[in-house]
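These numbers were taken from a predicted model, which means no experiment stands behind them.
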Amino acid sequence: MKIPSAVHRRFLFVVVPMAPWVFGTAASAYAILPGLMMSKAPGLEIAMSGLLCVIALGCGVGAQRLAGRFDDPGSARGVGLALAVTVVGMVLAAVAVGLDSLAWVVVAAAALGAAYGLLLVGGLREIQRIAGPDDLAGLTAVYYSLTYIGFFIPAVLALVGAWLPYTVMFVIGAVLALISFSIVALSWRRHLP
């Protein structure tokens, strides 16, 4: 089945660069950070992991409720804001891991969770604008397929972790999120459906 809007320039230059970050931010908050902080909560590892998951997903749900306020049909403002929060979340994660601080990890998980919520809604709103009436289901499926790439981030970081410290990897993540933001910014008001 062909999905014509999957090659729409707005999809390629606004949605594709942000989509993997949807679950990449969430997975970083509730899969990577808890594992790195286990030594900070001896005997409470599972509770701490659950707490970070609740914080990340709770902030994600809260951000989803606010995302509509930032959406603008004439620009990529919603996606741009979401990627800016992603950059901040990655920087906070690098700081948290560098300081080996549970308090900073909580802040980073909250920021990454908020980024997840803003990204998810921002992407879906772009999909609704881009897709034609017969193309919405297909383009939504393509979008979600791209978002699921983010679930591979913990596995990739675990493999690379043998050579690079997590602090450096989170800084690299911040740089990659900034590059994604730059790509979106170049198409801020371009290629509107």
Hydrophobic cluster membership, [X] vs [Y], 4.5 Å side-chain cutoff:
X      : Y      : value
Leu176 : Leu81  : no
Leu44  : Ile55  : no
Val14  : Ile179 : yes
Val175 : Val97  : yes
Val61  : Val121 : no

Rounded to the nearest 0.5 Å, what's the gap from [atom1] on [X] to [atom2] on [Y]? Could you check?
X      : Y      : atom1 : atom2 : answer
Ile183 : Leu83  : CD1   : CG    : 9.5 Å
Tyr143 : Ile3   : OH    : CD1   : 15.0 Å
Leu52  : Leu36  : CG    : CG    : 10.5 Å
Arg125 : Leu120 : CZ    : CG    : 11.0 Å
Cys59  : Leu112 : SG    : CG    : 10.0 Å
Ile127 : Leu136 : CD1   : CG    : 8.0 Å

For [X] and [Y], work out which heavy atoms get closest and say how close.
X      : Y      : result
Ala111 : Val85  : O-CG1, 3.6 Å
Val91  : Ala174 : CG2-CB, 3.8 Å
Ala29  : Pro34  : O-CD, 3.3 Å
Val105 : Met37  : CG2-CG, 3.3 Å
Ala63  : Ala114 : CB-O, 3.4 Å

Is there a side-chain contact between [X] and [Y] in this structure, where contact means two heavy atoms from C-beta onward sitting under 4.5 Å apart?
X      : Y     : value
Phe181 : Met18 : no
Val171 : Met90 : no
Phe170 : Leu33 : yes
Leu102 : Met48 : yes
Val15  : Arg10 : no

Dump the intermediate steps for side-chain contact (heavy atoms from CB on, under 4.5 Å) on Leu157 and Phe152, then the final yes or no. CA-CA 9 Å; Leu157 294 185; Phe152 289 103; over 6 Å; no
Side chain to side chain donor-acceptor pair (under 3.5 Å) contacts in which one or both residues fall within residues 14-30, not counting sequence neighbours: Trp21-Ser180
Stepwise, does the side-chain contact (heavy atoms from CB on, under 4.5 Å) test hold for Tyr116 with Gln64? CA-CA 9 Å; Tyr116 149 73; Gln64 287 176 32; 3.8 Å; yes
Does [X] use its side chain to pair, donor to acceptor, with the backbone of [Y] at less than 3.5 Å?
X      : Y      : value
Thr147 : Tyr144 : yes
Glu45  : Gly43  : yes
Ser145 : Ala141 : yes
Arg65  : Gly60  : no

Please lay out, stage by stage, how Ile153 and Ile32 fare under the test side-chain contact (heavy atoms from CB on, under 4.5 Å). CA-CA 9 Å; Ile153 288 178; Ile32 298 170; 4.1 Å; yes
Take Val184 and Phe13 through the test side-chain contact (heavy atoms from CB on, under 4.5 Å) and record every step on the way to the result. CA-CA 6 Å; Val184 169; Phe13 293 107; over 6 Å; no
Quick check: are there more than 12 heavy atoms from other residues, nucleotides or ligands sitting under 6.0 Å from CG of Leu66? yes
Phe151: what forms a ring-ring contact (aromatic ring centres under 6.0 Å, His included) with it, not counting sequence neighbours? Phe23
